[in-house]
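All remarks here apply to the structure that follows.
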Amino acid sequence: MMTQGPNSAVATHHSPLRGIFSVLRTHTCGELTIENVGQTATLCGWVDTIRDFGGVTFIDLRDRYGRTQVVFNPDSNAQVLAEAGKLKNEYVIKIIGTVRPRPDGQTNKKLATGEIEFVVTDLEILNECKTPPFVPGQKEVPGEDLRLKHRYLDLRREKMLQTLQLRSRIIKTMRDYCADKNFIDIETPILGRSTPEGARDYLVPSRVFKGKFYALPQSPQIYKQIMMIAGYDRYIQVARCFRDEDLRADRQPEFTQLDLEMSFVDSDDVIGMIDGMMQRLAKDLLGLDLQLPLPRLTYDEAMTRFGHDAPDLRFGMEIVDCTDLASTCGFGVFKSTADAGKFVRGVNAKGAAPKYSRKRIDELTNMVKDDFGAKGLAWFRCEEDGSLFSPIAKFFSEDELAELKSRFDAQPGDLLLMIADTWEISCKGLYSIRKRMGVELELFDPKAMHFSWIVEFPMFEKGDDSQQWSAMHHPFTAPRDQDLAKLDGDAGKTRAKAYDLVINGYEAGGGTIRIHDSSIQQKVFGLLGLDEESAQERFGFLLDALKYGAPPHGGIALGIDRVVMLFAGLDNIRDCIAFPKTQKAYDMLTEAPNVVETLQLDDLGIGISEDAKIAETTVED
RNA sequence: GGCGCUGUAGCUCAAUUGGUUAGAGUCCCGGACUGUCGAUCCGGAGGUUGCGGGUUCGAGUCCCGUCAGCGUCGCCA
């Protein structure tokens, strides 16, 4: 530590600078308080705001730790005051001075350092700053493209700093929790092998093996299973994953997950382990006490009640089925839908009637039509006298209307919205209506946090255009013990040892118990249309490994970016990532992806097709 | 790939049914000021309304195309 020099105050073990010898500064900008009055210190930081009175100048000096008011005045040093006139926004400076209390009545309660000010005796400009396109302290948040292009400025904003600090603490807490439980942190390869299942891979060409490619991992799935076979019975990794699919507000092409695998466990063990982790995270980072175990909902229940496998459980507005009523009513659309074995279901938007004009209902109608292919959206408004008003009310008898009212628990002011269609379309349409109206009607406290598990997912699903089963999670997912018999002939009803962690309507993580029995694995491959040869071709290395003493094992992956987003109360994942990409997976800061030298391509034996060259030229124009 | 929203000064936004010289705040430049903390006051600069085409006597505003950012559907084992 410093024992010499012009500073009477030196970094203590409480200081953010503890243990780091610094010749440039003795304290951070968030550190000096009334305790330090009279001491000499050296600060470094960025010029945040300048208040120049001609005779005296105030500057807020900013760094990661906070802000300190710095005073330049002629009493202390007239020459330095003149120098201070050259300062502009975001200059980087080093100042030496003394700490003194602020005059009576002039403390700033908004600052941790607000009781003192720093009187400068010496100023050194370490670096100037061009006039920035925006300043970190400005009230309005600049457009996102500008923020991404000048990310080094954007990251200086308080909100970004807070979010990334929260992210760091979340990851540390996750790691500490796992370390306490004897997990071992293992890094798995980034350059791996493409396994053409699931998402599109990002490919990396090989120079040595011309014409062959590595793939960036979509998840370390196979490696972590192999670690279990190797006997490392509790593994974690903060793993970067890559998926070349289109982006969303909650989806980036590269993202980070807490990847975790355990041996000699069943679903409840993994769920219980994560329950404890969430309890600790909620307590340590949000001050919330979570009751354990976290609530669990089966997949079927979630779809029936909310139309989605990651429902937002911060509010009700559950789906009501009235297919039976529809089959007897006089409304042709409803009746024919019910007769065709499809569904008539709806939701009650409590108190929405006065707020939802015909125009806004039309917007909802267009949404379910355009996005999900629903044929329409029926609605009933519950009037002051308790009667149901609707353009289609005339097709219903008094009794039928009364039954509708009772089934939806309709009170005056409520708006009932119904979709008559396939199970899938009614789920999607009503889910999106519920999600949207939940926000618009403020049906929940935006600060509330709701954690839950969705369990017992189907093993298989069928694609739109094929009768072939595909794995809902991945082909190594184990069926529930009591469903093993269903693999023969009743595969659609097989439920998996799969579990998703849902926070506020977002899938925050998902995992499964894996198959460790090769006869079951063969059966599952068979149902997925994979013969032994092609299974061997794709996953041979894993199938081989499973034959050398694989213990029962399973795990989970938590989307760290999403967890940060939810804990920070944000609605977009880019604000939780230091250097995110745009919706087109473009990095505006570094301008990646970009062209490479022809020589590099030659080295790899790669040529660019004429079509791609034409497309590229068009983009540049 | 589809649908939708947005694009106006460095930044954040405004501009009536298509109608005079496209405005405000902020930032920037110059000046004043010894207690501010979103300092204040005075003066000034700053625009090919994303780009290209069209309709019109006249387009920031309407139409077509295109580019970019965002949202969403498909997609994401």
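Each chain gets a letter, A, B and so on, in the order its sequence line appears, and its residues count up from 1.
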Residues forming a ring pair (Phe, Tyr, Trp, His ring centres under 6.0 Å) with A/F444, sequence neighbours excluded: A/F315

What pairs with A/N108 under side-chain contact (heavy atoms from CB on, under 4.5 Å), at least two apart in sequence or on another chain? A/R102, A/K110, A/L111

Is a donor-acceptor pair below 3.5 Å formed from side chain A/R243 to base B/C76, judging by atom type as modelled? no

Ring pair (Phe, Tyr, Trp, His ring centres under 6.0 Å) against A/F476, all qualifying residues, sequence neighbours excluded: A/H474, A/F539

Test your reading of the model: is there a side-chain donor-acceptor pair from A/R62 to the backbone of A/C29, 3.5 Å cut-off? no

Distance check: side-chain N/O of A/R62 vs OP1/OP2 of B/C37, anything under 4.0 Å? no

Rounded to the nearest angstrom, tell me the gap between atom CG in A/D154 and atom C1' in B/G69. 14 Å

Complement of B/C5, any strand, by Watson-Crick or G-U distances under 3.5 angstrom: B/G69

Could you pick out which residue, A/R562 or A/G143, lies toward the 5' side of RNA chain B when each is mapped onto its nearest nucleotide? A/G143

Can you tell me if the side-chain N/O atoms of A/R51 get under 4.0 Å from OP1 or OP2 in B/U36? no

At under 4.0 Å between heavy atoms, what does A/Q106 touch on the DNA or RNA strands: base, sugar-phosphate, or nothing? base

With salt bridge (charged side-chain N to carboxylate O under 4.0 Å, His left out) as the test, pick out the partner of A/D575 among A/R562, A/K159, A/R157, A/R147. A/R147

Where do N or O atoms of nucleotides 40-44 of chain B meet protein N or O atoms at under 3.5 Å, pair by pair?
none

Give one of base, sugar-phosphate or nothing for A/P103, where a contact means two heavy atoms less than 4.0 Å apart. base

Answer with yes or no whether A/R102 presents, from its side chain, a donor or acceptor under 3.5 Å of a partner atom in the base of B/C37. yes

Between NZ of A/K149 and C1' of B/A68 the distance, given in whole Å, is 12 Å

Check nucleotides 2-9 of chain B against the protein and report each pair of N or O atoms closer than 3.5 Å, with its distance, or say if there are none.
none

For nucleotides B/G18 and B/C57, find the distance between their C1' atoms and express it as a whole number of Å. 12 Å

A/F457: which residues meet the ring pair (Phe, Tyr, Trp, His ring centres under 6.0 Å) condition with it, sequence neighbours left out? A/Y299

By the 4.0 Å heavy-atom rule, please label A/T57 as base, sugar-phosphate, or nothing. nothing

List the steps, then state whether side chain to side chain contact (heavy atoms under 4.5 Å, CB included) holds for A/V141 with A/F134. CA-CA 9 Å; A/V141 178; A/F134 62 91; over 6 Å; no

Nearest heavy atom decides the nucleotide; on that basis, is A/A249 or A/R100 closer to the 5' end of RNA chain B? A/R100

Ignoring hydrogens and angles, are the base of B/G74 and the side chain of A/E245 linked by a donor-acceptor pair under 3.5 Å? no

Mate of B/G52 where both pairing distances stay under 3.5 Å, Watson-Crick or G-U: B/C64

Can you name the residues that form a side-chain contact (heavy atoms from CB on, under 4.5 Å) with A/E140, not counting sequence neighbours? A/Q138

Test for a donor-acceptor pair under 3.5 Å between the base of B/C11 and the side chain of A/R147, counting only N and O atoms. no

State which residues pass side-chain hydrogen bond (donor to acceptor under 3.5 Å, both in side chains) with A/Q536; sequence neighbours excluded, sorted by chain then number. A/D544

Quick one: salt bridge (Lys or Arg N to Asp or Glu O under 4.0 Å) pairs with a partner in residues 77-86 of chain A, sequence neighbours left out? A/E83-A/K86

Same-atom distance (P) from B/G30 to B/A9, integer angstrom: 24 Å

Does A/K584 make a side-chain N or O approach to OP1 or OP2 of B/A68 shorter than 4.0 Å? yes

For nucleotides 25-28 of chain B, print each protein N/O atom paired with a nucleotide N/O atom at under 3.5 Å, atom names and distance only.
unit_1 : atom_1 : unit_2 : atom_2 : d
B/C28  : OP1    : A/N89  : ND2    : 3.4

Qualifying residues under side-chain hydrogen bond (donor to acceptor under 3.5 Å, both in side chains), relative to A/Q225, sequence neighbours excluded: A/Q221, A/H553

Would you indicate, yes or no, if B/G74 has its OP1 or OP2 atom less than 4.0 angstrom from a side-chain nitrogen or oxygen of A/K428? yes

Length of the CG-C1' vector between A/L247 and B/G74, whole Å: 14 Å

For A/F58 and B/U36, do the ring centres fall under 5.5 Å apart while the planes stay under 30° apart? yes

Atom pair distance, as rounded to whole Å: NZ in A/K139 and P in B/U12: 14 Å

Main chain of A/G526, side chain of A/E532: is a donor-acceptor contact present, judged purely on distance under 3.5 Å? no

Ignoring hydrogens and geometry beyond distance, is the side chain of A/R200 in donor-acceptor contact with the base of B/G74 at under 3.5 Å? no

Applying a 4.0 Å non-hydrogen cut-off, can you work out what A/L146 is touching in the nucleic acid: base, sugar-phosphate, or nothing? sugar-phosphate

What does A/M472 touch in the nucleic acid at a heavy-atom separation under 4.0 angstrom: a base, only the sugar-phosphate, or nothing? sugar-phosphate

As a test of understanding, state which of A/I93, A/V70, A/I59 forms a side chain to side chain contact (heavy atoms under 4.5 Å, CB included) with A/L123. A/I93

pair_partner(B/G18), Watson-Crick or wobble, both distances < 3.5 Å, evaluates to none

Qualifying residues under side-chain hydrogen bond (donor to acceptor under 3.5 Å, both in side chains), relative to A/R240, sequence neighbours excluded: A/E254, A/T256

